[in-house]
Amino acid sequence: MPIASRDIPDLLRQVPLFGELSEADIDRVSRYTREKRLAKGELLFQRGDPAHGFYFVVTGQVKLAFSSAQGNEKVVEVIGPRQSFGEAVMFMNRPYPVFAEALVDSQLLHIGQNVVSELIDQDSSFARKLLAGLAIRLHSMVRDVETYSLRSSTQRVIGYLLQQSDQSGEDGREFDLTVSKQVIASRLNLTPETLSRIFHDLSEAGLVTVRGKHITLHDPVRLARYQN
């Protein structure tokens, strides 16, 4: 269902960047906010498109990726509910360096650049919070580069599984992958064939069971030792 205009202020309060804004400021931001609905597989923007604001995912998932001249795709990040993206590009006045595609039917909010610039000019604490958020995003990207450079293929997959386990709640031993294996492989800088082989090897070792997207970790402690 479409997002009602009266619900937009409540959703904006869930944007980490807007957590400390006053009611008046939230109302002002809402006037510069528009809903964007995407069907599965629909592009939000192409690489090279101009950025006029940033996005907040209400429901669904959006992948950020780029394609090589040979047609190979590299997934940079998968954005889920209650996460935002596009802030840095918005302030650089440069086109998007990646494309964005909905992995499932998704609802997003687009917050216009003008109102964010006004908030920065009038509220130094808002500007600091924005910088902190961008710094966290940069730190995460540096950590990813380190992981791809220094860890083996198997270590990357194990790290991903343990991360998904931690985020799944309960005991985390059983969970469903939230994206396709092809997206996971690209995110981990692997080929789909390599990912399948690693899943097979971990299954043969009695560490995991993989049935489609359903994952069972039989011994998370022992599995974690394989990362070291």
Q) If Ile, Leu, Val, Met, Phe, Trp and Tyr residues are connected whenever their side-chain heavy atoms lie under 4.5 Å apart, and connections chain through other members, are Leu195 and Val208 in the same group? A) yes
Q) Under a 4.5 Å cut-off applied to non-hydrogen side-chain atoms, are Asp25 and Gln122 in contact? A) yes
Q) With no hydrogens and no angle check, is any side-chain donor or acceptor of Arg82 less than 3.5 Å from a backbone partner on Val15? A) no
Q: Examine Phe99 and Leu108 and state if one hydrophobic cluster contains both, with Ile, Leu, Val, Met, Phe, Trp and Tyr joined whenever side-chain heavy atoms are less than 4.5 Å apart.
A: no
Q | Salt bridge flag under 4.0 Å for residues Arg197 and Asp201 | A | yes
(Q) Over 60° means perpendicular and under 30° means parallel, so tell me whether Phe45 and Phe85 are parallel, tilted or perpendicular. (A) tilted
**Q.** Asn189 CG to Thr194 OG1 distance, which is reported to the nearest 0.5 Å
**A.** 10.5 Å
Q.
I need the Glu174 CD to Thr209 OG1 distance, nearest 0.5 Å.
A. 9.0 Å
Q) Side-chain contact, heavy-atom cut-off 4.5 Å: Pro95 with Asp49? A) no
Q.
Angle between ring planes, Phe54 versus Phe18, binned at 30° and 60°: parallel, tilted or perpendicular?
A. tilted
Q) Can you check whether Thr33 reaches Leu11 side chain to side chain, under 4.5 Å on heavy atoms? A) no
Q. Under 4.5 Å between any side-chain heavy atoms of His110 and Leu44, yes or no?
A. no
Q. If you round to the nearest 0.5 Å, how far is CG of Leu207 from OG1 of Thr216?
A. 12.5 Å
(Q) Is it the case that atom CD in Gln182 sees more than 12 heavy atoms from other parts of the structure closer than 6.0 Å? (A) no
**Q.** Interatomic distance, Lys63 atom NZ to Glu101 atom CD [nearest 0.5 angstrom]
**A.** 4.5 Å
Q.
For Lys213, I'd like to know if atom NZ has over 12 heavy atoms of other residues, nucleotides or ligands within 6.0 Å.
A. yes
Q.
Starting from Leu21, can I reach Ile120 by hopping between I/L/V/M/F/W/Y residues whose side chains sit under 4.5 Å apart?
A. yes
Q: Might you confirm whether atom CZ of Arg13 has over 12 heavy atoms from other residues, nucleotides or ligands at distances under 6.0 Å?
A: yes
Q. Going by heavy atoms in the side chains, are Gln164 and Ile184 under 4.5 Å from each other?
A. no
Q: Look at the side-chain heavy atoms of Ile, Leu, Val, Met, Phe, Trp and Tyr, link any pair under 4.5 Å apart, and say whether Phe66 and Leu64 land in one connected group.
A: yes
Q) Are Phe175 and Val104 co-members of a hydrophobic cluster defined by side-chain heavy atoms under 4.5 Å apart? A) no
